[in-house]
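To start, the structure itself, in structure tokens.
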Protein chains: 2
Amino acid sequence: MDTIDRTLLAELTRDAAQSYARLGEAVGLSAPAAHDRVRKLRKGGALHAVEARINPHAVGKTLLAFVHVDTSGWGKSPALMALADLPEVEEIHSVTGDTCMLLKVRVTDSEALEGFLARLYAIEDVTATRSYVALSTYLERPPQAGITADLTIRQDRAAR
Amino acid sequence: MDTIDRTLLAELTRDAAQSYARLGEAVGLSAPAAHDRVRKLRKGGALHAVEARINPHAVGKTLLAFVHVDTSGWGKSPALMALADLPEVEEIHSVTGDTCMLLKVRVTDSEALEGFLARLYAIEDVTATRSYVALSTYLERPPQAGITADLTIRQDRAAR
DNA sequence: GAAATATGCCGAATATTATTCAGAACTAGT
DNA sequence: ACTAGTTCTGAATAATATTCGGCATATTTC
């Protein structure tokens, strides 16, 4: 994983719909070379699937909430893990702090959120929940590749 | 936005790297028709960019934290909004509940988190922060298109 | 240090896919 | 029924992905 790989990841994170020719140009490589690098990144697990990002509002999911869940036990309760099958649930983390589990949930409206919370309370491990409903989202983006060094690859290659 | 559009969104959310021929086949349309639909979804804002999802661990970001930020004022403080320029910050929401702002932050290690929190406290609006460090992530996925009705389009077309 | 092996890259060739286009079929309004 | 608008299809074309042989450079092995 060198600077070229990191730049490729950054480019792909920004826009995965560009051609390998353009991708290669960005790092000073030919299209087949860029293709090969990306293939290896994919094989190595650094690059997961290429996915489209949809506008949740367009599919009616206008309400975003973060739900803190306090549980009696610790670790992955089967009932809690079953929540992963629900399309409303986007993230499940176990966290440090004054709560055990943290969920990111996207639903159509407050009624749907109530229904979801009711289902949550029905799980025997769950002792309490606290919901943080998002009023407005100022930023939401995928993990960044984060290139530390400046790129001078293209110049290097031209100098050869 | 009919069932076909929703299915297309769901397919693209699952894997955007498939051809329009396959995409069209999934909804019972020809490749150009599927292409046209997707173009319209994109134009209408339902479909944002197509992006690659990277493994944060592969680029050294092993620590995920949710940070609650209490502020003296309300609304988007310019200093707080400046956090959006930092690559560590993935999400910024204003929320209801016992805090004002909720950040999703991904950093390399606990030292980097400390540095980030120090920068956060330096902002004059910030009165307190509470961090929830993710111990393990059980689920993390993009917003789902969520198709309600079952698909019988392909059969319909064959019956013609 | 030299031979052998592996890796990374290139240009050219080929395979696959995206995109355009003209016309047919369906819809909705008058 | 006529018209205008939309959506679709198959064929044609443009663009792109992918494969391949060969070369240069690094890395290992003796």
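Every chain is numbered from 1, with letters handed out A, B, ... down the list of sequences.
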query: What do you reckon, are the aromatic ring centroids of B/Y132 and A/H93 less than 6.0 Å apart?
result: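 Not under 6.0 Å, so no.
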Take atom [atom1] of [X] and atom [atom2] of [N], then tell me their distance rounded to the nearest Å.
X     : N      : atom1 : atom2 : result
A/H35 : C/dT14 : NE2   : C1'   : 14 Å
B/D2  : D/dC8  : CG    : C1'   : 13 Å
A/Q18 : D/dA15 : CD    : P     : 18 Å
B/Y20 : C/dT19 : OH    : C1'   : 10 Å
A/L23 : D/dT18 : CG    : P     : 12 Å
A/E25 : D/dA15 : CD    : C1'   : 16 Å

query: Going by atom types alone, do B/H57 and B/T62 pair a side-chain donor with an acceptor below 3.5 Å?
result: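 There is no such pair (donor and acceptor under 3.5 Å, judged by atom type) between the side chains of B/H57 and B/T62.
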task: Verify whether one side chain among A/D70 and A/T127 offers a donor that lies under 3.5 Å from an acceptor in the other.
output: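 Absent: no donor and acceptor within the cut-off.
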message: What residues from residues 36-43 of chain B pass a heavy-atom cutoff of under 4.0 Å to DNA chain D?
response: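 The stretch gives B/R37, B/K40 as the residues lying under 4.0 Å from the strand, ordered by number.
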message: Using a 3.5 Å distance criterion without hydrogens, assess whether the side chain of B/S77 forms a donor-acceptor pair with backbone atoms of B/A79.
response: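 Present.
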message: Quick check for you: to the nearest 0.5 Å, what is the distance between B/K43 atom NZ and B/D36 atom CG?
response: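 B/K43 NZ to B/D36 CG: 10.0 Å, rounded to 0.5 Å.
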field: Pairwise distance CE(B/M101) to OG1(B/T129) - rounded to 0.5 angstrom
entry: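 Rounded to the nearest 0.5 Å, the CE-OG1 separation comes to 14.0 Å.
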field: Inter-end axis angle, the helix from C/dG1-D/dC30 to C/dT30-D/dA1, with every axis fitted to five base pairs (rounded, 10 degrees)
entry: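 Taking the rotation axis at each end, their angle is 40°.
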- request: Measure from the side chain of B/P32, starting at C-beta and using heavy atoms only, and say which of C/dT19, C/dA18, C/dC10 lies closest.
  value: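 In terms of side-chain proximity for B/P32, the closest of C/dT19, C/dA18, C/dC10 is C/dT19.
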query: Any Lys/Arg nitrogen of B/K104 or A/E90 sitting under 4.0 Å from an Asp/Glu carboxylate oxygen of the other?
result: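 Salt bridge absent between B/K104 and A/E90.
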- prompt: Are the charged groups of B/R22 and B/E25 less than 4.0 angstrom apart, N to O?
  reply: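 Result for this pair is no, no salt bridge flagged.
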